[in-house]
Amino acid sequence: MAIFRNALSRSLPELDSGPQGQPILVQKQDSKEEWSPKMEGSSPKTKVYKRRWLIVSLFCLYSMSNAYQWIHLNIIANIITKYYNASLPEDRFQRETTVDWLSMIYMLAYIPLIFPSTFLLNKKGLRVCALAGAFLNALGAWLKVACVSQDRFAVLMFAQTICAIAQIFILGLPAKIAAVWFGPNEVSTATSLGVFGNQVGVAIGFLVPPILVPNSESLDEIGNDLSIMFYAGAGYMTLLFILVIIIFKERPPHPPSKAQMLALQNVHEEHYGRSLLNLFKNIGFDLLTITYGVNTGCYYAISTLLNPIILEYYPGHEESAGQIGLTIVIAGVGGSIAAGIWLDKTRTYKGTTLGIYFLSMAGMVAFTFTLDIKILWVVFLCAGALGFFMTGYLPVGFEFAAEITYPESEGTSSGLLNASAQFFGIILTIGCRAMINKVGTLGSNLLISGTLLVGTICTGFIAADYRRQEAGKEILEQMDNALEIEISEKYTEKSRMADAENDNRI
């Protein structure tokens with residue numbers, strides 16, 4: 001699942017009305033309610049509303065619920081396989097891969113649907129996408145309630161597919177909500193909150209299911225536990241859908257900043273095909289698309305297969321597998337925050353990207369060779385280090401892409417990065433599952449480690465072409481020149497007036 005998708009599009013804070021102060025995915029305003037000054041020459045009103053915190057909090061909650069549904073079945077994959085065995089293929093590899101698709105369907109759905117959903121967000125706006133995401137999320141949850149029967153795995157897969165489609169209408173919203181509702185000094189905070197909700201959902205998806213659905217020899221007990229889990233989820237997500245209908249608004253009556261007002265007043269049709277072509281012609285971005293996909297795909301593969309990876313070394317420790325997943329996510333949140341602070345201070349995008357990539361590989365190697373020492377706390381420690389760097393890489397990759405592709409749309413570039421991540425996530429998950437069945441977990445983990453090594457090497461070949469920073473410097477220079485001219489003109493005018501007064505006295 002694309003964590004930190006389309007998010008953290010940091011702007012140059014000193015340039016509220018500059019090109020980086022403008023929101024991404026600007027919606028074309030065709031209605032009569034568009035933000036514009038009432039009279040020409042008047043100073044248009046900007047205002048931030050308290051409701052903005054309610055909007056972003058509600059988004060966090062239902063984004064969290066969708067992220068929870070991504071992983072909550074695969075972290076108890078052995079129990080799901082046992083319960084639905086009658087409706088699964090007889091071949092072991094096919095049976096286990098079919099269960100893996102409960103996670104991979106999120107990745108598969110993203111690839112073809114991300115660009116239509118971006119188009120819908122541009123054309124119809126926040127409220128329509130929020131309603132669509134919340135509705136599909138609740139619908140998928142209720143369909144899961146109907147699949148608590150050993151012969152209904154197909155129904156379960158259909159329900160998970162609905163939830164996977166719902167994510168398309170959720171993941172692109174954090175930056176848009178931040179731009180439309182929040183002031184220039186709050187945009188990064190609001191975006192981070194939206195992304196944080198997604199991460200919390202993944203963490204809950206790792207932690208809660210092994211507790212609610214413990215392994216049991218009785219299929220009836222497993223069915224009852226699954227029913228409780230599904231009913232609880234469906235009720236919660238239905239409540240969120242109702243709240244979205246009541247609370248979630250398209251935009252505030254007045255824009256929150258001059259940058260947002262300016263962007264909406266001067267919006268124009270973007271040539272989407274030309275933007276894509278420019279991105280594909282950018283060799284540095286092409287390399288970054290591959291390396292970002294590899295790193296994030298490894299994260300998805302580990303998350304999907306964490307249950308069999310841990311149970312091979314620690315049989316019966318389903319709850320420990322969930323807690324290790326929780327550790328990876330929590331450490332990743334810390335890594336993302338630390339990476340963001342570091343980038344804000346240093347602006348060393350390539351060096352930071354390369355360093356974190358290498359440390360992700362080192363963390364994976366450490367995790368691989370500490371699994372079989374039978375000391376669980378060491379596994380938790382290495383998993384935390386792995387999560388800190390591997391998940392911390394995600395926002396850094398987005399920022400690096402924004403730098404080397406400026407002035408192309410950040411929404412388009414981030415969409416391509418995420419599509420690459422989903423593609424490699426599917427390939428690596430299937431490949432690692434095959435390695436687990438044929439060679440064992442060690443072979444699977446070595447495959448991921450080797451893949452990260454190749455990604456690290458390729459990252460070294462990406463040029464540090466910081467176009468966004470250069471554009472910011474040019475704008476500041478233009479502003480300085482304009483200010484100097486204005487000061488010079490005022491000084492000249494004062495001198496002229498002083499000379500005129502002296503002439504009059506004479």
task = For Phe424 and Tyr292, run ring pair (Phe, Tyr, Trp, His ring centres under 6.0 Å): C-alpha distance rounded to whole Å, both residues' side-chain angles, the deciding distance at 0.1 Å, then the answer.
result = CA-CA 9 Å; Phe424 281 103; Tyr292 181 92; over 10 Å; no
side-chain contact (heavy atoms from CB on, under 4.5 Å) assessment of Ile114 paired with Asn418: CA-CA 9 Å; Ile114 177 57; Asn418 282 322; 5.9 Å; no
* Please walk me through it: do Gln167 and Tyr106 pass side-chain contact (heavy atoms from CB on, under 4.5 Å)? -> CA-CA 8 Å; Gln167 71 159 334; Tyr106 265 68; 3.6 Å; yes
Could you give me the CA-CA distance, side-chain angles and deciding distance for Gln199 and Thr391, then say whether side-chain contact (heavy atoms from CB on, under 4.5 Å) is met?
CA-CA 10 Å; Gln199 289 292 85; Thr391 310; 3.5 Å; yes
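By the 6.0 Å and 45° rule, Lys350 does not stack over the aromatic ring of Phe400.
With values rounded to the nearest 0.5 angstrom, Ile309 atom CD1 is found 6.0 Å from Thr441 atom OG1. Here the straight-line distance linking atom CH2 of Trp101 with atom CE of Met107 works out to 8.5 Å at 0.5 Å rounding. Put simply, CG on Leu376 and OH on Tyr313 are 13.5 Å apart, with the number rounded to the nearest 0.5 Å. Note that the CE atom of Met435 and the CG atom of Leu428 stand 11.5 Å from one another [nearest 0.5 Å]. In this structure, the separation between CD on Glu312 and OG on Ser444 is 9.0 Å, given to the nearest 0.5 Å. To the nearest 0.5 angstrom, Leu131 atom CG is 13.5 Å from Lys124 atom NZ.
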Check residues 355-369 and write down every donor-acceptor pair under 3.5 Å in which the side-chain atom is one partner and the other belongs to a residue at least two apart or another chain.
from   : atom 1 : to     : atom 2 : distance (Å)
Tyr357 : OH     : Thr291 : O      : 2.7
Tyr357 : OH     : Asn295 : N      : 3.3
Ser360 : OG     : Ile356 : O      : 2.8
Ser360 : OG     : Phe389 : O      : 3.3
Ser360 : OG     : Met390 : N      : 3.4
Thr368 : OG1    : Met364 : O      : 2.8

For residues 451-462, which side-chain donor-acceptor pairs fall under 3.5 Å, sequence neighbours excluded?
from   : atom 1 : to     : atom 2 : distance (Å)
Thr451 : OG1    : Leu447 : O      : 2.7
Thr456 : OG1    : Leu452 : O      : 2.8
Thr459 : OG1    : Gly455 : O      : 2.8

Would you list the atom pairs, donor with acceptor, under 3.5 Å between side chains in residues 144-159 and any protein atom, with sequence neighbours excluded?
from   : atom 1 : to     : atom 2 : distance (Å)
Lys144 : NZ     : Gln69  : OE1    : 3.0
Lys144 : NZ     : Gln160 : OE1    : 2.7
Ser149 : OG     : Asp151 : OD1    : 2.7
Arg152 : NH1    : Ala146 : O      : 2.8

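For the pair Pro308 and Arg433, the minimum side-chain heavy-atom distance is below 4.5 Å. Under the 4.5 Å side-chain criterion, counting only non-hydrogen atoms from C-beta, Met229 is not in contact with Val208. Side-chain contact between Ile80 and Ile222 is absent, with no heavy atoms from C-beta onward closer than 4.5 Å. Inter-residue side-chain proximity for Tyr314 and Ser320 is flagged as unmet; no heavy-atom pair is nearer than 4.5 Å. No side-chain heavy atom of Asn278 sits under 4.5 Å from any side-chain heavy atom of Asn282. Residues Met64 and Asn198 have side chains not in contact (no heavy-atom distance under 4.5 Å, counting atoms from C-beta outward). Considering only heavy atoms from C-beta on, Met104 comes within 4.5 Å of Asp100 through its side chain. By the 4.5 Å heavy-atom criterion applied to side chains, Ser63 and Asn66 are not counted as neighbours.
The closest donor-acceptor contact from the side chain of Gln94 to the backbone of Glu90 lies at 3.5 Å or more, if one exists at all. Thr327 places no side-chain N or O within donor-acceptor distance of the main-chain N or O of Phe380, the cut-off being under 3.5 Å. Using modelled atom types, no side-chain atom of Arg95 and backbone atom of Asn85 make a donor-acceptor pair closer than 3.5 Å. At distances below 3.5 Å, not a single donor-acceptor pair connects side-chain atoms of Thr304 with backbone N or O atoms of Ala301. Checking side-chain atoms of Asn74 against main-chain N and O of Val99 turns up a donor-acceptor pair under 3.5 Å.
In the displayed structure, Tyr231 atom OH is contacted under 6.0 Å by at most 12 heavy atoms of other residues, nucleotides or ligands. Residue Lys374 places its NZ atom among more than 12 non-hydrogen atoms of other residues, nucleotides or ligands, all under 6.0 Å distant.
Contact between Leu417 and Gly397 at its shortest, heavy atoms only, is CD1-O, 4.0 Å. Smallest separation of non-hydrogen atoms from Ile404 and Ala463: CG2-O, 4.1 Å. Here the closest heavy-atom approach between residue Pro116 and residue Leu113 is recorded as CD-O, 3.3 Å. Closest approach of Ile105 and Leu102 over heavy atoms only: CG2-O, 3.5 Å. Heavy atoms only, all atoms of each residue included: Thr289 and Ser420 are closest at O-OG, 2.7 Å. Closest of all the heavy-atom pairs between Gly392 and Ala339 is O-CB, 3.8 Å.
Contacts of Trp142 classified as side chain to side chain donor-acceptor pair (under 3.5 Å), with partners at least two apart in sequence or in another chain: Thr238. With sequence neighbours excluded, the residues satisfying side chain to side chain donor-acceptor pair (under 3.5 Å) with Thr352 are Trp342, Thr348. Shown here are the salt bridge (Lys or Arg N to Asp or Glu O under 4.0 Å) partners of Asp225, two or more places apart in sequence or in another chain: there are none. Phe241 is linked by a ring-ring contact (aromatic ring centres under 6.0 Å, His included) to Phe135, counting only residues two or more places apart in sequence or in another chain. Listed by chain and residue number, nothing satisfies the side chain to side chain donor-acceptor pair (under 3.5 Å) test with Thr429 (two or more places apart in sequence, or in another chain). For Tyr62, the ring-ring contact (aromatic ring centres under 6.0 Å, His included) partners at least two apart in sequence or on another chain are Phe59. Looking at residues two or more places apart in sequence or on another chain, you find a side-chain contact (heavy atoms from CB on, under 4.5 Å) between Ile283 and Asp286. Evaluation of the side chain to side chain donor-acceptor pair (under 3.5 Å) rule for Asn78 yields Asn307, Glu318 as partners, not counting sequence neighbours. The side-chain contact (heavy atoms from CB on, under 4.5 Å) search around Phe206 returns Ile71, Ile75, Val202, Ser303, Leu306, Val329, not counting sequence neighbours.
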